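Being a predicted model, the structure only gives us computed values, none of them experimental. Letters A, B, ... mirror the listed sequences (proteins, then strands); counts begin at 1.
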Protein chains: 2
Amino acid sequence: MTEKQEKIINSALTLFAKEGYTATSTSKVAKHAGVSEGLIFRHFKNKEGLLQAILQQGEARIKELFIPILTSEDPKEVIRLTLEMPFSVTESEFEFWKLQFKLKWELEYNNPEKMQPLQQALMIAFQKLGYEIPELEAEFIIVFLEGISTAIIKDNMSDKLKFKEFLIQKYKL
Amino acid sequence: MTEKQEKIINSALTLFAKEGYTATSTSKVAKHAGVSEGLIFRHFKNKEGLLQAILQQGEARIKELFIPILTSEDPKEVIRLTLEMPFSVTESEFEFWKLQFKLKWELEYNNPEKMQPLQQALMIAFQKLGYEIPELEAEFIIVFLEGISTAIIKDNMSDKLKFKEFLIQKYKL
DNA sequence: TATTTTTGCAAGTGATCACTCACTATTAAA
DNA sequence: TTTAATAGTGAGTGATCACTTGCAAAAATA
């Protein structure tokens with residue numbers, strides 16, 4: 001991975017997350033990265049290839065965030081870590097996180113199965129805690145996660161800290 | 001409103017909701033509607049004007065769906081009707097509903113204040129029911145609504161009916 | 001050191017973009 | 001029935017789109 005190659009990926013991530021994939025031209029990416037437009041196609045074949053490179057690189061980073069949740073034996077910790085996740089996305093991951101949501105609507109990128117290991121872990125956690133319908137409790141959290149994430153990315157939440165504490169209290173974690 | 005004008009609006013709504021606003025060209029809209037491309041600009045000035053016409057027309061229809069919730073005196077009914085809303089979007093409103101979500105991410109259309117009357121009504125409902133922190137309970141529902149809507153539009157919900165019943169039971173409605 | 005491979009750029013390519021313009025057909029008012 | 005306004009068309013416009021090509025510089029390999 002050359003220095004210019006990384007600059008292209010970073011610029012593209014920034015612009016795709018801000019303006020959207022379709023609305024961002026390859027010439028804009030090149031200008032932002034300070035390289036010739038042709039170089040994008042030399043390295044990534046086409047615009048779609050550039051996007052895939054960004055996604056591949058980002059998903060590798062995201063996967064690590066799931067490890068502590070999926071390996072925990074304590075059911076309350078599983079639920080707490082899951083609910084806290086959207087509140088603890090770092091500045092550096094924020095752009096990639098936002099891009100994921102944009103792509104879900106802009107292109108028809110639909111892979112809910114990405115969430116399934118988490119949903120399974122949540123179900124087991126609720127089972128351990130004696131909830132009546134653990135599958136639906138787990139699905140409830142997954143569905144709710146989408147709402148929290150949107151509210152945080154769009155900065156529509158009145159008080160993040162208060163809301164987080166409210167959730168923890170609601171599930172007695 | 002001429003017949004061709006309506007055809008343009010309907011075609012644009014369909015295509016914008018399916019392919020996205022930026023990715024849908026005015027020539028595509030014209031072809032789908034069976035009119036000349038120039039007519040779009042005669043009637044709506046530009047592409048943005050066409051979008052605004054769609055939004056204006058749709059929002060008028062949507063507002064009516066909120067009336068029964070906002071006028072109800074029964075707190076349990078307020079909450080139940082709110083939670084049931086995403087499950088009862090009719091076939092004919094589905095496209096417009098989907099478009100709303102697409103635009104929220106594609107363009108930076110961000111007007112959370114549209115939800116505020118509903119959030120206020122929910123807060124009062126939770127207050128009447130004696131909940132400890134009614135403001136956060138109301139915000140919780142609003143945030144959750146985003147998640148349910150996404151799951152339904154993207155068809156990611158295992159069993160809509162079961163999930164709806166689960167929600168009603170959860171709030172003892 | 002000589003040769004090959006990779007990296008990079010500038011200047012293109014045709015296609016498509018949103019939009020305009022000159023003009024005709026239809027409708028409505030005078 | 002004449003006049004004026006509106007509805008509608010089709011062939012354009014320059015700008016921008018994703019992408020290609022030819023060639024030079026740099027780096028890696030021999």
(message) Test: salt bridge (Lys or Arg N to Asp or Glu O under 4.0 Å). Region: residues 159-173 of chain B. Which pairs qualify, not counting sequence neighbours?
(response) A:E137-B:K170

(request) May I ask you to list the residues of residues 17-34 of chain B, by number, that have any heavy atom positioned under 4.0 Å from an atom of DNA chain C? (result) B:T24, B:S25, B:T26, B:S27

(request) Would you grab the first and last nucleotide of DNA chain C (5' to 3') that comes under 4.0 Å of any non-hydrogen atom in chain B? (result) C:dC17 to C:dT20

(message) Taking salt bridge (Lys or Arg N to Asp or Glu O under 4.0 Å) as the definition, give me every residue that meets it alongside B:E108, ordered by chain and number, with sequence neighbours left out.
(response) A:K98, A:K102, A:K154

(message) Test of understanding: with side-chain hydrogen bond (donor to acceptor under 3.5 Å, both in side chains), list the residues that count as partners of B:E95, not counting sequence neighbours.
(response) B:T14

When the side chains of residues 56-68 of chain B are checked against the rest of the protein, which donor-acceptor pairs come out under 3.5 Å, sequence neighbours left out?
from  : atom 1 : to    : atom 2 : distance (Å)
B:R61 : NH1    : B:E93 : OE1    : 2.7
B:R61 : NH1    : B:E93 : OE2    : 3.3

(request) Could you tell me whether the side chain of B:K128 and the main chain of B:E73 form a donor-acceptor pair under 3.5 Å? (result) yes

(message) Which residues pass the salt bridge (Lys or Arg N to Asp or Glu O under 4.0 Å) test with A:E146, not counting sequence neighbours?
(response) A:K104

(message) Just to verify, what does A:E113 make a salt bridge (Lys or Arg N to Asp or Glu O under 4.0 Å) with, not counting sequence neighbours?
(response) none

(request) With sequence neighbours left out, write down each residue that passes side-chain contact (heavy atoms from CB on, under 4.5 Å) with B:Q5, or none if nothing qualifies. (result) B:M1, B:T2, B:H43, B:F44

(message) Under the rule for salt bridge (Lys or Arg N to Asp or Glu O under 4.0 Å), what residues qualify as partners of B:E37, not counting sequence neighbours?
(response) none

(request) Please list residues of residues 39-48 of chain A whose heavy atoms come under 4.0 Å from any atom in DNA chain D, ordered by number; otherwise none. (result) A:F41, A:N46, A:K47

(message) B:E77: which residues meet the side-chain contact (heavy atoms from CB on, under 4.5 Å) condition with it, sequence neighbours left out?
(response) B:S72, B:D74, B:R80, B:L81

(message) By the 4.0 Å heavy-atom rule, please label A:E37 as base, sugar-phosphate, or nothing.
(response) base

